Number of protein chains: 2
Amino acid sequence: MHGLVRAIPKIEPKAQPCWCDDPFVARLKAHVDLGSADLHSLRAVIENDHAVKKRRDLVIDGYQYRKLSFIKEGFAARYKLLRNGKRQVVNVLVPGDVVGVPSSFLDRATFSVTAITDMKLQVCSLDDFVALCHRRPKFSLALCWIAVQEAASYAERVVDMGRRTSIERVARFLLDVHSRLAMVGRATESGFDLPFSQELMSDALGLSVPHLNRMLTKLRADGLITIDGHRVEFIDQNALAMLSHFQPFKLTQVPPATGLEPSVLLRHQT
Amino acid sequence: MHGLVRAIPKIEPKAQPCWCDDPFVARLKAHVDLGSADLHSLRAVIENDHAVKKRRDLVIDGYQYRKLSFIKEGFAARYKLLRNGKRQVVNVLVPGDVVGVPSSFLDRATFSVTAITDMKLQVCSLDDFVALCHRRPKFSLALCWIAVQEAASYAERVVDMGRRTSIERVARFLLDVHSRLAMVGRATESGFDLPFSQELMSDALGLSVPHLNRMLTKLRADGLITIDGHRVEFIDQNALAMLSHFQPFKLTQVPPATGLEPSVLLRHQT
DNA sequence: CGTCTCATTGAGTTCTGTCAATCTAAGTGG
DNA sequence: CCACTTAGATTGACAGAACTCAATGAGACG
């Protein structure tokens, strides 16, 4: 259990941006500062709220989708269905997350996104948003940061699937979901309501349902978690993080515009 | 082998942007149009070329890295080393690819990047690039597109690792590398020089070296490929793509600035 | 109260990893 | 120019992890 490389960095309590009110604005604000003029322009491109029923597909693999939709309420999963009938969930979406990355940037979507629960979304067309970006570059930088965050979290999933044991994957999944829910005020210190079925989780973790079930059973037997209905409580969150080498990453902020950038000016006149 | 979902979309020959001369400029041009004023500003932020020797780490997990480096020549791998000594390569980098996504956007890098061969890079500090983005938004949009492409390809890797058989993964890997090399003029119609060792590939595919070897042997035995030294030739590329359900995706272009965006103006005065 | 979804458990099989040995090719130094 | 070293490729035997299939149990909902 003890590593050979370097000491385990402490898992710091994350900053708590609250994406409760207006997820679209809040998520962008997590990366850049927005003045009132920015907010004004932003609201102009946001279409009305959009409700989606449980089990409906928001994005369908193979079809065009050109919107950025911010989740106000509810849960979704991004997945691909294979020819042999297997399904891989590449990630789960919680309030504050964005539907339409990467789908909107592609000719045709390469993944589907399905609503796991009833949902409320704030929608904006990608073209409108890009137009806004041309006028106010900080929005495109915020979008960069969102896309990079997405990439970083997929990369971490690749490591999970490739080189971590099934029990580690399950533990990490629970910790990851907890931390993301906590960030948007949907979890307590040590527990949360798990909105996913075991079938969904097994598809997310690349396991079979029976095997996932066995691993969950093991985590309970080892006294690390309790599960009552859909309620998950961590009994020993530290041990769980240790067992699974869980360690959230921190994005930087977008560097603000400084009028004229000194280090560039030194080398070249604009 | 035959699917239940829908017909296999044709694998179209991809557009051939040539990233041979100036990878930094060429890669951005793949996503947005750059005028001469743009190019002028861009060159101002690009630092001198940088050479890196084989086996050197460009980025080290846990340390800060705040540069965008475009690969002019040579190959690299982005990976994470686990406590138990296992390694997962999350992707391989070829000429035209960007080092520093996602590392530069994070507090501290969460992956290492190592040079597989001697390399030549074009380097630019992220801060300078962001400053440029504030002045010329199209650069930040190009960066978005790059980040999204990165995310999409990781997501595809997650599917690979989670739900595809080992032989499919190997075949897809070869096809993917071939298509990326072909795009930058490093491959012929049906073959290429594979710059990776089996150890590296097994770490990329989440397999053990012996098993990867068995699968390569099988692909040869089935008459799908030949391998002579580091030279790989596809004998039946179609069958290979069919077997592995390989299908490259296409990014859209960044929508150009249109001065004032009609659909926004209709809803709101700026 | 029946139906349906979801969770749980067991038995047997398959895939894939581990360990270890051998082989090849490419350098390297004398 | 050759013996020596070393990294990488290949092969085989075995063990263990995880899947499949199948049956059962438990709630939720109409």
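Keep in mind that what you see is a predicted model, and the values were worked out from it rather than measured. Chain letters run A, B, ... following the sequence lines, proteins first and then strands; every chain starts at 1.
Ion pairing between A/R83 and B/E168 fails under the 4.0 Å rule for side-chain N and carboxylate O. Ionic pairing of A/D97 and A/R180 is present here: one or more N-O contacts between side-chain nitrogen and carboxylate oxygen are shorter than 4.0 angstrom. The pair A/R220-A/E233 fails the salt-bridge criterion, with no side-chain N (NZ, NE, NH1 or NH2) lying under 4.0 Å from an Asp/Glu carboxylate O. For the pair A/D176 and A/R172, the salt-bridge criterion is not met [side-chain N within less than 4.0 Å of a carboxylate O]. Looking at A/D193 and A/R186, no side-chain N of the basic residue comes within less than 4.0 Å of a carboxylate O on the acidic one, giving no salt bridge.
Contact annotation for A/R55: backbone-only contact, meaning every heavy-atom pair under 4.0 Å involves sugar-phosphate atoms and none involves a base. Among the atoms of the strands shown, none is found under 4.0 Å from any heavy atom of A/L216. At a threshold of 4.0 angstrom between heavy atoms, the contacts of B/R163 with the nucleic acid are absent. B/T165 comes within 4.0 angstrom of nothing in the nucleic acid, heavy atoms only.
Taking atom CG on A/L212 and atom P on C/dC6, their separation rounds to 14 Å, with Å as the unit. Protein atom NZ of B/K218 is 21 Å distant from nucleotide atom P of D/dA9, rounded to whole Å. In this structure, B/R220 places its CZ atom 12 Å from C1' of D/dT11, rounding to the nearest Å. At whole-Å resolution of the value, CE in B/M215 and C1' in C/dT16 are 9 Å apart. For A/N84 and D/dT20, the CG to P distance is 10 Å, given to the nearest whole Å. In this entry the distance linking NE2 of B/H230 with C1' of D/dA7 reads 10 Å, nearest Å. Distance, B/M161 CE to C/dT16 P: 12 Å, rounded to whole Å. Rounding to whole angstrom units, NE2 of residue A/H211 and P of C/dT16 are separated by 14 Å.
Contact annotation: A/S197 side-chain N/O to C/dT5 OP1/OP2 distance is not under 4.0 Å. Phosphate contact (OP1/OP2 of D/dA9, side-chain N/O of B/N213, threshold under 4.0 Å): absent. OP1 or OP2 of C/dT9 lies within a sub-4.0 Å distance of a side-chain N or O belonging to A/T217.
Here the nucleotide nearest the side chain of A/P210, chosen from D/dC19, D/dC21, C/dG17, is D/dC21. If you check C/dG17, D/dG8, D/dT20 against the side chain of B/S208, the one that comes closest is C/dG17.
Where B/R214 and B/E199 each meet DNA chain D at their nearest nucleotide, the meeting point lying more 5' is that of B/E199. If B/Q198 and A/K86 are placed on DNA chain D by their nearest nucleotide, the residue sitting closer to the 5' end is B/Q198.
A cation-pi arrangement is absent between B/R78 and B/F111, since the terminal nitrogen or guanidinium carbon is not both under 6.0 Å from the aromatic centre and inside a 45° cone about the axis. Relative to the six-membered ring of A/Y65, A/K67 meets both conditions, a distance below 6.0 Å and an angle of at most 45° to the axis.
When the C1' atoms of four end pairs are superposed on the next four at each end of the helix from C/dC1-D/dG30 to C/dG30-D/dC1, using five pairs per end, the two resulting axes differ in direction by 40°, to 10°.
Heavy atoms from other residues, nucleotides or ligands lying under 6.0 Å from CZ of B/R231 number more than 12.
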